[in-house]
Amino acid sequence: MQRKTQQRETIQAVLTDAARPLTVHEILERAAKQVPSLGIATVYRCVKAMIESRDVIVVEIVGEPLRYETAHLEHHHHFVCESCKKVFDVQGCIPIASLVPQGFKMRAHEIVLYGVCASCG
Ligand SMILES: [Zn+2]
Ligand SMILES: [Zn+2]
């Protein structure tokens, strides 16, 4: 019980500190610095539970492994660095309503930017 709570809190902290969506491997790499006994199966299990409790959401980008971010963020989008393969948060949005065909009602939208990040560029 105590251990479970610590594992979840560590993963939550890792996701908050990262300020960008992480794969399970990235989560494990960072979380293991604080909880060396942590394994990949435990990270998967914790993340799944955190999705169910709505603390974490899945970031799904075509052709990319699933990534996870904290669910308590403002509306934002993602930038994929094609060099280092990291995915970054992009703050804000653009006026998108003009793209919606006449008579259509938009429910949601996704924008993914691709390119090279500042460290790789
Ligand atoms: Zn990069
Ligand atoms: Zn948007």
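Start at 1 and go down the list; that is how both ligands and their atoms are numbered. Values below: all heavy atoms of this structure, side chains included; hydrogens, waters and symmetry mates excluded.
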Do the non-hydrogen side-chain atoms of F88 and V80 ever get within less than 4.5 Å of each other?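 A side-chain contact is absent here, since even the closest heavy-atom pair is not under 4.5 Å.
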Taking 2.8 Å as the cut-off, does H76 contribute an N, O or S atom near the Zn ion (ligand 2), distance below it?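 False for H76.
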Which angle, to 10 degrees, forms at the Zn ion (ligand 2) with NE2 of H75 on one side and SG of C93 on the other?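 It rounds to 120°.
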Quiz item: Is the count of non-hydrogen atoms from other residues, nucleotides or ligands lying under 6.0 Å from Y114 atom OH greater than 12?
Solution: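 Correct, the count exceeds 12.
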**Prompt:** Is it the case that more than 12 heavy atoms not belonging to E60 sit under 6.0 Å from its CD atom?
**Reply:**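 Open: at most 12 neighbouring heavy atoms sit under 6.0 Å from CD of E60.
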Q: Using only heavy-atom distances, determine whether the side chains of H76 and E69 contain a donor-acceptor pair under 3.5 Å.
A: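 Judged by distance alone, the side chains do pair up.
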Problem set entry | For the student: nearest non-hydrogen atoms of C93 and I111, plus distance |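 Closest approach of C93 to I111, heavy atoms only: SG-CD1, 4.5 Å.
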- Item | Presence of salt bridge, E26 and K85, under 4.0 angstrom |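 Salt bridge absent between K85 and E26.
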- Task: For the pair R8 and D55, find out whether any cationic side-chain nitrogen is under 4.0 Å from an anionic carboxylate oxygen.
- Result: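 Yes, this pair counts.
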#### Entry: Name, closest N/O/S atom of H77 to the Zn ion (ligand 2)
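The Zn ion (ligand 2) is closest to the H77 atom NE2, counting only N, O or S.
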Note to self: Distances under 2.8 Å only: what protein N/O/S atoms are near the Zn ion (ligand 1), ordered by chain and residue?
What the structure shows: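 You should have found C81 SG, C84 SG, C117 SG, C120 SG.
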